[in-house]
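Here the structure is laid out as structure tokens; the discussion comes afterwards.
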Amino acid sequence: MALIEARGLCLDFPYYHIGARSLKKRLMGKSRLHTDPSNRIVVTALRNLDFRIGKGERVALVGPNGAGKTTLLRTLAGVYEPVAGSLTVQGQIGALIDVAAGMDTESTGRENVRLRGLYRGLTDAESDRLAEEVAAFAGLGDFFDVPIRTYSAGMGVRLAFALATAMQPQVLLMDEWFLAGDAAFMAKAEERLARLVGGADIMVVATHDFSVVRRWCNRAIRLEGGLILADGPVEDVLRGMEAAA
Amino acid sequence: MSDPSTAAMPSYHVDAADPQRLRKAIDDVRLGVSRWRLALTLAWLDIRNRYRGSVLGPFWLTLSTGAMLLGLGLLYSTLFNMSLREYLPHLAVSLVIWNAISQMVNDATASLTGSEGIIRQMPLPYTVHALRCVMRNGIIAAHNFPLILVIFLICGHLPGPEALLAIPGFVLIAINSIAAALFLGMLCARFRDIGPIVGSIMQLAFFLTPILWKPRLLGHWEAWMPFNPFYAILETVRGPLVEGGGPPLAWVAAIVYTLLTVVVAAVFFVRFRGRVAFWV
């Protein structure tokens, strides 16, 4: 039974790069550390989130840039560990956040499919099946056996899309890129996406695009500054956002 | 398309009030080791991409190590007043193993930061990244091993059956490498200054460790040698191959140092594993 449940979920994002990371500051600033325990720069990315997403729900995470949408998505995917609260995700998770992650530009399309198969922990036979399936959809022809460094942008997108969507998870986590691709590509991808979304028990998608929300989702969670401002049926949440804007 | 096994990850539960760090660290190692094929593939890709377009590829290292052996061999055998036949086997094993250790340690500092793009995008066991780093350096180091054989043949140095003791020596080096890749990888992700510090330490260690020179040149100070961890580890391979078996004290020291690095790496890994995604 697919389920996502967050109770008091908090995530602080430390910004070590800004200056508190260096060893010098850690050693030299020891006295300052006592007077100023929050010496490091921390951004509270998610604040005390409570929600429960059950089977059949198609949830849109909406909100301005920096609201915490992608951070929440990555937390759900298991990349970040929450600093407070608890999170339960039941069901096999498939995350489509950054499709290019783990691609090797010097390798051919086929080698990249094999590599992705290893990342997903597939057997060789499963990987071969994945390669056939991806080759059929991406329609790269001979280019499937050429390093992807040489691909045109469009070919790269087709391969990445075919590879990323060649799975059927129970819990589908997506960044908006997938649902808001350019029109010509979407026409071909449409059916495949619909099948992917339809086959998942739960979908969570982070997006700015209201038409994506209205088209694909039946529930919206509005985030701002890491807080949930609204959670409910799509129209109610979007109306609230339009009123605020 | 509808193959359920293609999904990335099964269910999970995290609770900040009950982090279960030990269990998660053990799962990480277990799952990471079971994904050794991924680590090995990535290691080969790293090597292929690093030497792309190069004619000799990693064999450039073999060539440069060979040239170094020749030059240093001629110079130091004269300085130390030793015959080449006596000095070269010592130098060949010492230098090849030292290069492997030193490259391994220096690369370990980037084992996690180098995989930032993957760590922040998908939940993969961190052990995979450490194994990738160790395998990459192991493969590169293996390109130098034929040099040892060549020098042994030229010098007519034929080690007896005790040479097999070098195998546990290599195992000790491998264990230390995995621990170092995890520990230094995490530490250097958090504190970016550690990397250069490690580089300097390794440079200093090259001169403090009997690589160019033989321990007996130290006279009565030789007894202090086991306090140098690099000496102890090096001796577990060099002893069996060159000296007809290493001194027992070096073996004891090497095993103690290995236990220490493993314990330190394990404690650090268990405690801070959950923070790595924020550090890289």
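So you know, we letter chains A, B, ... as the sequences are listed, proteins then strands, and number each from 1. Since we're looking at a predicted model, the values are computed, not measured.
When all heavy atoms of A/Ile97 and B/Gln121 are compared, the closest pair comes out as CG2-OE1, 3.6 Å. In this structure, B/Tyr12 and A/Leu87 approach most closely via the heavy-atom pair OH-CD2, 3.3 Å. Of all heavy-atom pairs spanning A/Val79 and B/Ile119, the tightest one is CG1-O, 3.4 Å. Minimum heavy-atom separation, B/His13 to A/Ser86: CE1-CB, 4.3 Å. Here the closest heavy-atom approach between residue B/Pro123 and residue A/Gly78 is recorded as CB-O, 3.6 Å. In terms of heavy-atom proximity, B/Ala16 sits nearest to A/Ala84 at CB-CA, 3.2 Å.
By the 4.0 Å N-to-carboxylate-O rule, A/Glu106 lies close enough to B/Arg52 to be salt-bridged with it.
By the side-chain hydrogen bond (donor to acceptor under 3.5 Å, both in side chains) test, B/Asn137 pairs with B/Asp107, sequence neighbours left out. Residues forming a ring pair (Phe, Tyr, Trp, His ring centres under 6.0 Å) with A/Phe51 (at least two apart in sequence, or on another chain): none.
Aromatic ring orientation, B/Phe278 versus A/Tyr80: parallel (interplanar angle below 30°, classes split at 30° and 60°).
When each of B/Leu31, B/Asp15, B/Val276 is scored by its heavy-atom pairs under 4.5 Å with chain A, the top score falls to B/Asp15. Contact count against chain B (heavy-atom pairs under 4.5 Å) is highest for A/Leu76 among A/Thr105, A/Val171, A/Leu76. Contact count versus chain B (heavy atoms, under 4.5 Å) is highest, among A/Arg74, A/Arg7, A/Gln90, for A/Arg74.
Taking the side chain as every heavy atom from C-beta outward, B/Arg275 and A/Val83 approach each other to under 4.5 Å. At a threshold of 4.5 Å between non-hydrogen side-chain atoms, the residues A/Tyr119 and B/Leu42 count as touching.
Looking at A/Glu111, the atoms closer than 4.5 Å to chain B (heavy atoms on both sides) all sit in the side chain, from C-beta outward. When heavy atoms are compared at a cutoff of 4.5 Å, A/Thr71 does not approach chain B at all. When heavy atoms are compared at a cutoff of 4.5 Å, A/Ser107 approaches chain B by way of both its backbone and its side chain. Looking at A/Leu173, neither its backbone nor its side chain comes within 4.5 Å of chain B, counting heavy atoms on both sides.
Remark: A/Arg120 CZ to B/Met122 CE distance equals 9.0 Å, nearest 0.5 Å.
The local environment of CZ in A/Phe13 is crowded, with over 12 non-hydrogen atoms from other residues, nucleotides or ligands closer than 6.0 Å.
For the pair B/Arg37 (side chain) and A/Leu118 (backbone), a donor-acceptor distance under 3.5 Å is absent.
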